[in-house]
There are 2 protein chains.
Amino acid sequence: MSSETVSTRTRILQASLNLLEEGQGKGVRMSDIAGKAGISRQALYLHFRTRGELLIATTHYVDDLHGGEDRLTASRTAETGKERLDAFIKAWGGYLPEIYGIGKALLAMRDTDAEAAAAWDKRMQDMREGCEAAIRDLARDNALTPFYSPVQATDLLWTMLSLRNWEQLTIECGWSREEYVAGLQSMARHLFVSPP
Amino acid sequence: MSSETVSTRTRILQASLNLLEEGQGKGVRMSDIAGKAGISRQALYLHFRTRGELLIATTHYVDDLHGGEDRLTASRTAETGKERLDAFIKAWGGYLPEIYGIGKALLAMRDTDAEAAAAWDKRMQDMREGCEAAIRDLARDNALTPFYSPVQATDLLWTMLSLRNWEQLTIECGWSREEYVAGLQSMARHLFVSPP
DNA sequence: TCCTTTCTTGACACCATGTCAATTGACATG
DNA sequence: CATGTCAATTGACATGGTGTCAAGAAAGGA
């Protein structure tokens, strides 16, 4: 069977991903992952130097699975700034739930693991570039409202789209995924897109 | 000297508050607090059952010091919904930096200490009532934009004003306190206040 | 003087991460 | 068949932080 040939490393990543998704990032221990992967806790360290490294590898794994990168840059093909803004928020709204568990775990170890913090920051910085590009295209179209400078608008959009905000709106306020996307698109339009 | 009469409990709370403010919530240990308060680590447990309880007591202490509660409800005296919204955001923008360190610490132990989580949630729920009241007054004045239902508007405003967003805008994006207040007031007006 | 309260010291349990050494079982290669 | 290698196992241990416990010390009031 082909499933026999799945490498241990991959089984670990699958286990990690499953647990992180199930538990919504809540306290997933090395021993939990090892158990789920069917190996001893110590054997994890034959594949990953630290818990942080395993978590980071898990984010890459999930990106490979779903082509996360591509999806986020797809908004590039939009003609107008407004379309790009909408497309970017929609893509982000589809991506966030996939990395929510891992993101929370990574965020939780921010203080203790600098590498993990940097890995997450890098991701957020990449996302910020999407915000920046949408705002830039709005300005190019002369469609950026005069309320904020491009940098301020980028800061605000980037902040609005944070993982924590997604968590608060969907999990605490009970918004559906569609409501989240529609709500944030609406916000962004009212704040940043001037009427034609 | 009157400073001799300061109770140990109070000295502990002062030490805790100082460290939490200095360190911006970063890893303040029980032994750090004990050291700063000039007592042994174990003696802390004669006054507070757990770290979580000490942290919660510290939030009450800071509220007593600055009259946090009062300040947040002062926006009640506003005549119009728009004024109330502005006043509330301004008050919140002054309050947040004071509880930032404690808030972060409390948030960091969300997963491990249910009591601490509940204490923080309670605070956020109180803040939400301020959001709700401002939106309600806007609706009363017929000044609430038709883009969102009152509940949705409350959800959004509440989310926009979160500690994490304040952190991201001021610490990561470098906004000053004034920029934060002005920026969020501007956002809230554009999203929720319909022109007269 | 005796009692109580508060604090001290030192030791220890618990839990999670990370390390180390010794061992096993499978498999390839000469 | 003997040998070496690789991945994994087991058990023990260090570290760091929280929380507990027991025995004793200093201060103050009745």
Side-chain angles (χ1 to χ4, degrees), chain A residues 1 3-16 19-20 23 25-58 101-102 104-120, chain B residues 1 3-16 19-20 23 25-58 101-102 104-117 119:
Chain A
M1 316 194 209
S3 66
E4 294 272 348
T5 73
V6 172
S7 72
T8 304
R9 185 188 160 91
T10 305
R11 262 187 302 130
I12 295 172
L13 291 171
Q14 284 168 346
S16 167
L19 288 172
L20 253 5
K26 284 243 199 312
V28 174
R29 290 159 300 192
M30 292 300 263
S31 50
D32 297 328
I33 299 173
K36 186 127 187 169
I39 60 173
S40 68
R41 183 179 71 86
Q42 291 87 329
L44 287 182
Y45 294 94
L46 299 174
H47 297 268
F48 304 95
R49 273 176 36 244
T50 68
R51 186 177 124 96
E53 202 171 290
L54 168 52
L55 255 34
I56 294 167
T58 308
I102 307 174
K104 274 218 87 174
L106 237 24
L107 240 24
M109 58 192 307
R110 240 193 139 23
D111 305 325
T112 56
D113 185 327
E115 265 185 75
W120 182 254
Chain B
M1 316 192 211
S3 67
E4 294 271 348
T5 73
V6 172
S7 72
T8 305
R9 184 188 160 91
T10 305
R11 262 187 302 129
I12 294 172
L13 290 171
Q14 284 168 345
S16 167
L19 288 172
L20 253 5
K26 282 240 201 302
V28 174
R29 289 159 301 193
M30 292 300 264
S31 51
D32 297 328
I33 299 173
K36 186 128 189 169
I39 60 173
S40 68
R41 183 179 70 88
Q42 291 88 328
L44 288 182
Y45 293 94
L46 299 174
H47 298 268
F48 304 94
R49 272 177 36 244
T50 69
R51 186 176 124 95
E53 201 170 291
L54 168 52
L55 255 35
I56 295 168
T58 309
I102 307 173
K104 275 218 86 172
L106 237 24
L107 240 23
M109 60 192 305
R110 238 190 152 358
D111 304 326
T112 56
D113 185 327
E115 265 185 75

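These numbers come from a predicted model, not from an experiment. Numbered from 1 within each chain, the chains take letters A, B, ... in sequence-line order. As a basis for the values below, the full set of heavy atoms in this structure was taken, side chains included, without hydrogen atoms, waters or symmetry mates.
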Seminar exercise, completed: To the nearest angstrom, the OH-C1' distance between A/Tyr45 and C/dC20 comes to 13 Å
Exercise. Rounded to whole angstrom units, what separation is found between the CG atom of A/Asp111 and the C1' atom of D/dG17?
Worked result: 14 Å
For this session: Provide, to the nearest angstrom, the distance between the CG atom belonging to A/Leu54 and the C1' atom belonging to C/dA16.
Result: 15 Å
For this session: May I have the distance from A/Phe48 (atom CZ) to C/dT17 (atom P), rounded to whole angstrom?
Result: 15 Å
For this session: Answer yes or no: is there a side-chain heavy-atom contact under 4.5 Å between B/Leu55 and B/Val28?
Result: no
For this session: Ignoring the backbone of B/Gln42, work out which of D/dT20, D/dA12, C/dT8 is nearest its side chain.
Result: D/dT20
For this session: Mind checking A/Leu46 for me? I need base, sugar-phosphate or nothing, with any heavy atom below 4.0 Å counting as a touch.
Result: base
For this session: Would you mind telling me which residue lines up with the more 5' stretch of DNA chain D, A/Ile39 or B/Arg51, judged by nearest nucleotide?
Result: A/Ile39
Problem set entry | Close side-chain approach of A/Thr8 to A/Arg11, heavy-atom, < 4.5 Å | yes
Problem set entry | Whole-Å distance separating the CD atom of A/Glu53 from the P atom of C/dG18 | 10 Å
Exercise. Heavy-atom distance under 4.5 Å between the side chains of A/Asp113 and A/Trp120, does that happen here?
Worked result: no
For this session: Compare all side-chain heavy atoms of A/Phe48 with those of A/Thr58 and state whether any distance is below 4.5 angstrom.
Result: no
Exercise. Within a radius of less than 6.0 Å around NZ of B/Lys36, do more than 12 heavy atoms belonging to other residues, nucleotides or ligands occur?
Worked result: yes
Exercise. When you check the phosphate oxygens OP1 and OP2 of D/dG17, does a side-chain N or O of B/Ser31 lie under 4.0 Å from one of them?
Worked result: no
Problem set entry | Minimum-distance nucleotide (side-chain atoms of B/Met30 versus C/dT8, D/dA8, D/dT18) | D/dT18
Problem set entry | hbond_proxy B/Arg41 side chain to D/dG17 base (donor-acceptor, 3.5 Å cutoff) | no
For this session: Send over the distance from B/Met109 CE to D/dG19 P, rounded to a whole Å.
Result: 7 Å
For this session: Give a yes/no answer on whether the side chain of B/His47 brings an N or O atom under 4.0 Å of OP1 or OP2 in C/dC7.
Result: yes
Seminar exercise, completed: Between CG of B/Leu44 and C1' of C/dT6 the distance, given in whole Å, is 13 Å
For this session: Provide the Watson-Crick or G-U wobble partner of C/dC2, both distances under 3.5 Å; none if there is no partner.
Result: D/dG29
Exercise. Looking at D/dT20, C/dC7, D/dT9, which one has an atom nearest to any side-chain atom of A/Ala43?
Worked result: D/dT9
For this session: For B/Leu55 and D/dG19, give me the distance from atom CG to atom P, rounded to whole Å.
Result: 10 Å
Problem set entry | For C/dG30, the Watson-Crick or wobble partner whose two distances fall under 3.5 Å | D/dC1
